[in-house]
Amino acid sequence: MNKHNVERASLPKILLFSLTLITTIVYIIYRLIFTIPFDLRLIDIVFGIIVVVIELIEIFEFCVYFENTLIHKKSSPKTPKASEKDFPDVDVFIATFNEESELLEKTISACKNMKYPDAKKLHIYLCDDGNRKEIKQLAKKNKIEYITRDNNNFAKAGNYNNAIKKSGSPLIAVFDADMQPSKNFLMKTVPFFVAEEKIGFVQTPQSFKNPDIFQARLSKHLPFEQDYFYHYIQLARNNNNSTILCGTNCVISREALKSVGGFSTATIAEDIATGMLIESKGYRAIAISDVLAYGEATNNLNNFLKQRSRWGRGCIQTAKAYEMFRLKGLSLRQKLDYFVAINYWCFGLRRMLYMILPLLFAFFGIIAIQGDLVVFLPIFLVQFVLRRFLIDTLEGSYSSSTWTKIFEIIQAPFMSLVVLKEIMGFSSKKFTVTPKGKSAKKGHADAILFIVHAILIAANITGIVLSIQRIQNENLAVFIIPLIWMVINAIYLSVALIFDLRKNKNYANFKPNTETKYHAKSYLGIIARGK
């Protein structure tokens, strides 16, 4: 257990979770025994089993999530006291492939301005995987080292591994081309390596100077989409030493990297794989919530989806390449955390299934859930409401299940196909660099998502009408659950359509938060006001 983060939750919280767990167990037992349509057609049985399996996985993830984020106090580890004379040499790697000189110059300037007790111990390397003369000149102009290579094998991982061979400091700080560190970045991270033993890496959040894709189109009052992960999930993962390495804004021990053969080249998500391997070697990883670097969020939907596609595919590749449940050195608890992290990227498949299932019933009579409505509804609602209450209320206004679903539904048509292909073995090792900048020009992804969302909402509205007619004409109560389900889906899809149709807003006074806390507001009100 991480000594930085061991304070337990209050007794009422534990009791509430216990009640939620009991009602959830009752629900799933009821589902397994009474609601799978084994006496119906094969297609009904298949869909019935698929839904139950997904629910079982979600309940399992909830229990892991609760143990991580609700039982333990989530506070950022404080920077330990350390003698400045003991601060070691640090290599700073700035990864670049095709970014413009103007952007890189800002990052170089920020890196050069970082405070460090002995400036001679700070070595900055511009790692150019594009082998460009103008970037070499840029490095020379700024009096920093320039490293390149003749090929782009293994993309970012290969770029960093090449730089590792041509440098030698005990610590390596890595930054993406757009991520500009604050003056105190090293003073807040390096002391962990000086004051404590066998630290593998220290990860700080990613934050941005401009609105992300959801803020730009829906509302500036929304939190950064990644804030919840960095300021909540990551801190909770400190408890089990399963902190995720995110590939930028972090400091890594060269010794730890050497122990795993450098950055992983078996997956396009070299960061999560490398961090997992480092932890499997017994090194401790630490996530802190201090925002110590700011970058530029992509608010172009094509680029955003390419980025998420790479992350999703890379995580599935990591699970396959390293067979994490058989990986030596990781505890069972660590393996469960990584399973949950990797399985998250199946959200597109789950969301699409949940949107399609009630439609299959309304149009084709396919029954995935069979049971007495009077019995099913209260058993389902009790555990559902309790789980939502725990997640939305007790975690301290950091997140919203409603917004999470909307974000996922927006991406679902694209991400479901990407992840399904990767799971089925149609793997792609192509690493696409996310273009940095503030281009808001719409592309083919906007059109495709709009068409899919429009078809789905039209189908839901039609299904709602058909269900109401069947209930009125034939008094079929079995249509009530799909009817409610389709109404909820239609509401979420309506927000997705608004997202598709809106242009990016230019917020003149946009200010990035140092640690966003989500304060619950009516999402329909936010959307209607367009603020």
Original post:
For the residue pair Phe499 and Phe214, does the interplanar ring angle fall in the parallel (under 30°), tilted (30 to 60°) or perpendicular (over 60°) class?
Top reply: tilted
Subject >> Geometric class of the Phe407/Trp403 ring pair [parallel <30°, tilted 30-60°, perpendicular >60°] >> reply: tilted
Is it true that atom [atom1] of [X] has more than 12 heavy atoms of other residues, nucleotides or ligands lying nearer than 6.0 Å?
{"X": "Lys320", "atom1": "NZ", "value": "yes"}
{"X": "Phe450", "atom1": "CZ", "value": "no"}
{"X": "Lys281", "atom1": "NZ", "value": "no"}

Do you know which two heavy atoms are closest between [X] and [Y], and how far apart they sit?
{"X": "Ala445", "Y": "Leu305", "result": "CB-CD1, 3.9 Å"}
{"X": "Arg308", "Y": "Gln411", "result": "CG-OE1, 3.9 Å"}
{"X": "Ile367", "Y": "Pro37", "result": "O-CG, 3.2 Å"}

Original post:
Can you name the ring pair (Phe, Tyr, Trp, His ring centres under 6.0 Å) partners of Phe384, sequence neighbours left out?
Top reply: Phe380
Does the side chain of [X] pick up a donor-acceptor pair with the side chain of [Y] at under 3.5 Å?
{"X": "Tyr354", "Y": "Arg350", "result": "no"}
{"X": "Gln206", "Y": "Tyr294", "result": "no"}
{"X": "Asn249", "Y": "Thr204", "result": "no"}
{"X": "Glu61", "Y": "Asn343", "result": "yes"}

Interatomic spacing from [atom1] in [X] to [atom2] in [Y] - rounded to 0.5 Å:
{"X": "Thr404", "Y": "Glu225", "atom1": "OG1", "atom2": "CD", "value": "9.0 Å"}
{"X": "Cys346", "Y": "Ile57", "atom1": "SG", "atom2": "CD1", "value": "8.0 Å"}
{"X": "Leu493", "Y": "Ile461", "atom1": "CG", "atom2": "CD1", "value": "9.5 Å"}
{"X": "Tyr322", "Y": "Ile342", "atom1": "OH", "atom2": "CD1", "value": "11.0 Å"}

Backbone of [Y] reached by a side-chain donor or acceptor of [X] within 3.5 Å:
{"X": "Thr274", "Y": "Ser264", "result": "yes"}
{"X": "Asp212", "Y": "Ala297", "result": "no"}
{"X": "Asp337", "Y": "Ser242", "result": "no"}
{"X": "Gln334", "Y": "Asn241", "result": "yes"}
{"X": "Thr267", "Y": "Gly314", "result": "yes"}

Subject >> Asp446/Arg217 ion pair, N-O < 4.0 Å >> reply: yes
Original post:
In terms of side-chain geometry, is the basic nitrogen of Asp271 or Lys156 positioned less than 4.0 Å from the acidic oxygen of its partner?
Top reply: no
Does any non-hydrogen side-chain atom of [Y] lie less than 4.5 Å from one of [X]?
{"X": "Leu353", "Y": "Ile356", "result": "no"}
{"X": "Gln234", "Y": "Ile244", "result": "yes"}
{"X": "Trp345", "Y": "Val418", "result": "no"}
{"X": "Val419", "Y": "Glu422", "result": "no"}
{"X": "Arg333", "Y": "Leu336", "result": "yes"}

Original post:
Would Phe224 and Tyr230 count as a close aromatic pair, with their ring centres under 6.0 Å?
Top reply: no
**OP:** Check whether the ring centres of Phe361 and Phe364 lie less than 6.0 Å apart, and answer yes or no.
**Re:** no
**OP:** Find out whether the Lys NZ or Arg CZ of Arg237 is both under 6.0 angstrom from the six-membered ring centre of Tyr338 and within 45° of the ring's axis.
**Re:** yes
Original post:
Only one of Leu40, Leu357, Leu359, Ile43 clears side chain to side chain contact (heavy atoms under 4.5 Å, CB included) with Ile366; which?
Top reply: Ile43
